[in-house]
Visitor: 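Can you read through this structure? Questions will come right after.
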Number of protein chains: 2
Amino acid sequence: MEEEKRTVRAVERALDVLLCFVSGHEWGLTEIAGRVGLHKSTVHRLLATLEDKGFVIRDAATEKYRLGLSVLELSANLSRSDDPSVVLLPEMERLRDELNETVSLYVRDRAERVRIQAVQSMQAIRRVATVGARLPLSVGASSKVLLAFAEPGVRAAVLSDAAWPSNLERAAFGKQLDDIVAAGYATSFEEREPGAAAVSAPIFNRSGKLVAALSVSGPSNRLTPDRMHEYAPAIIESAHRMGTILG
Amino acid sequence: MEEEKRTVRAVERALDVLLCFVSGHEWGLTEIAGRVGLHKSTVHRLLATLEDKGFVIRDAATEKYRLGLSVLELSANLSRSDDPSVVLLPEMERLRDELNETVSLYVRDRAERVRIQAVQSMQAIRRVATVGARLPLSVGASSKVLLAFAEPGVRAAVLSDAAWPSNLERAAFGKQLDDIVAAGYATSFEEREPGAAAVSAPIFNRSGKLVAALSVSGPSNRLTPDRMHEYAPAIIESAHRMGTILG
DNA sequence: CAAACCCGTTTCACCCTATGAAACCCTGTT
DNA sequence: AACAGGGTTTCATAGGGTGAAACGGGTTTG
């Protein structure tokens, strides 16, 4: 609490309002005010500003707010030519076709992970992965990869974060991460979602720094533990190839 | 200048900073300060706030700012299931396959139009359309559609906008829009870009309100005026079908 | 090797402006 | 009519955003 904040409160609050729209598409003013814990009139002013700049629009029919087109405009420029999510796409599709399962790409953002790219399996029963989703860093194969192979310090920093689940045994988890470093890949079986399993391997750039986790996921009856270990070499090889594509 | 502003200045400025990233991917602090016309230290604080909420990140190598992952997260939820750009995609692909030309979807945003979805022709020579692009509302087939079929008032409002090109003869343009309403579709031949042509038809929702313009575009040697009028019925029918898909 | 320069960071006093309580205005409901 | 539940507007207050200036750390210039 002693932390000197060099941020602008009004802007922080406006961005919190904007971030309401990551879950659910439409919100009324009062709803938003309740969610962010601010007074109606404050939120009203913030929304007017956001609307003015095109970040939100009011649905003419429902009178509620939804995301505006400025966000689309920004996200269009998010994918640059040297963006991993673009240059790695062909290789992701190749791997998808080889294993016929959904392939995702994750990066770590503080104490969370974000799915920055995904290609879906073509099978009827498949893992459906939405790009942009933000997931906890405590469970799942790619979470463990993103922690295990991270630069020194981040592992300790994340594990000691206040948001980290307290019921998770730290020592055992650390041991698990060490095993993953030794094996070169991680698996998860019905860990985060029942019926789902995943294998994940680290992607390093040329200077050996971890940049992303490549993950293959599907229903747990297809992706049995045996099958996952069988797939692992192909995934590791694919991840290695991706590393050479990057700078 | 007498206009009572009910907006928050600090937030406005922060959003202006964010909107710098629609053109060019990377900016230094001083560059941004110059662009938005603010003092360095102000921009520094705003950027710190934006970074804190994940809307921008600092490239570790170049020390410059680029868009952060929160934008990705937001844009993921912009494409909701009832979002036109998603539900209309199959029909757009069908039309693309029928005519073998690039198909785009535009909506009006104030005095501009935004391409919210596009599927490319498979031919070697084809119109390449990027989603999220923002274009003037004064030229192009879909511009004319978005104006001609708009609700009463918006036509006059846009034409009298300060940003409207003054060299455009208003009376003649208005007549042209009336003709388009009568015809039910619009064409443009090398109007905005040399060598490019387009046909566009309006999409109305069930309550008869204009929601988007469906456009077929390609090289002007394939999309001759004759060919465009020949294509028009199919495009109108497709646009009508899309209207029934929407609420 | 200074000096000059550029960029980002920090400090600080001033006074602008964001804030929230309350009142107000709708429209629909009891 | 009275009420409820949304959104809008007003207004006094003090809290906080602001920009000038100074600082620090690089790199280029003399």
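To find a chain, count down the sequence lines: A is the first, B the second, and so on, and within it residues start at 1.
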Visitor: At less than 4.0 Å, is any side-chain N or O atom of Arg6(A) found next to OP1 or OP2 of dT9(C)? Yes or no.
Guide: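 For Arg6(A), the contact criterion (side-chain N or O under 4.0 Å from OP1 or OP2 of dT9(C)) is not met.
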
Visitor: Thr30(A) near the nucleic acid: base, sugar-phosphate alone, or nothing, with a heavy-atom cut-off under 4.0 Å?
Guide: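 Sugar-phosphate, no base atom in range.
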
Visitor: Think Ser41(B) has a side-chain N or O under 4.0 angstrom from the OP1 or OP2 of dG19(D)?
Guide: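 Result: no.
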
Visitor: How would you label the contact of Arg9(B) with the nucleic acid (heavy atoms, under 4.0 Å): base, sugar-phosphate, or nothing?
Guide: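 Sugar-phosphate contact only - Arg9(B) comes under 4.0 Å of backbone atoms but never of a base.
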
Visitor: Taking atom types as modelled, is there a side-chain donor on Arg13(A) or Thr42(A) under 3.5 Å from an acceptor on the other?
Guide: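 Absent: no donor and acceptor within the cut-off.
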
Visitor: Can you figure out which of dG8(C), dA18(C), dG19(D) approaches the side chain of Leu29(B) most closely?
Guide: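 That would be dG8(C).
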
Visitor: Considering just the side-chain nitrogens and oxygens of His44(A), establish if one lies under 4.0 Å of OP1 or OP2 belonging to dG7(D).
Guide: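 Checking His44(A) against dG7(D): no side-chain N or O falls below 4.0 Å of OP1 or OP2.
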
Visitor: Spell out, as yes or no, whether a donor-acceptor pair under 3.5 Å connects the side chain of Ser70(A) to the backbone of Lys53(A).
Guide: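 Yes; at least one donor-acceptor contact below 3.5 Å.
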
Visitor: Please report the distance, rounded to the nearest Å, between CZ in Arg45(A) and P in dG20(C).
Guide: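 Answer to the nearest Å: 8 Å.
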
Visitor: Can you tell me how far C1' of dG25(D) sits from CD of Glu63(B), to the nearest Å?
Guide: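 Computing the Glu63(B):CD to dG25(D):C1' distance gives 11 Å.
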
Visitor: Answer with yes or no whether Lys40(A) presents, from its side chain, a donor or acceptor under 3.5 Å of a partner atom in the base of dG6(D).
Guide: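 No.
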
Visitor: What is the distance, to the nearest angstrom, from the CZ atom on Arg58(A) to the P atom on dG7(D)?
Guide: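 Answer to the nearest Å: 7 Å.
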
Visitor: Please state how far atom CD in Glu31(B) lies from atom P in dG8(C), giving the value in whole angstrom units.
Guide: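 Distance, rounded to whole Å: 8 Å.
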
Visitor: Rounded to the nearest angstrom, tell me the gap between atom CZ in Arg13(A) and atom C1' in dA18(C).
Guide: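 After rounding, the gap between these two atoms is 9 Å.
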
Visitor: Between dG17(D), dA22(C), dG8(C), which nucleotide gets closest to the side-chain atoms of His39(A)?
Guide: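 Given the options dG17(D), dA22(C), dG8(C), the side chain of His39(A) is closest to dA22(C).
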
Visitor: In this structure, how many angstroms lie between the P atom of dC7(C) and the CD1 atom of Ile32(B), rounded?
Guide: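 Those two atoms, CD1 and P, are 13 Å apart.
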
Visitor: Measure from CD on Glu51(A) to P on dG7(D) and round the result to the nearest Å.
Guide: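 Glu51(A) atom CD is separated from dG7(D) atom P by 13 Å.
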
Visitor: Let's go through Met242(A) and Met92(A) carefully: what are the C-alpha distance in whole Å and the side-chain angles of both, what is the deciding distance for side chain to side chain contact (heavy atoms under 4.5 Å, CB included) to 0.1 Å, and is it a yes or a no?
Guide: CA-CA 9 Å; Met242(A) 290 180 179; Met92(A) 289 176 71; 3.5 Å; yes

Visitor: Taking Arg45(B) for its side chain and Leu47(B) for its backbone only, find out whether a donor-acceptor pair lies under 3.5 Å.
Guide: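 Side chain of Arg45(B) to backbone of Leu47(B): no pair is present.
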
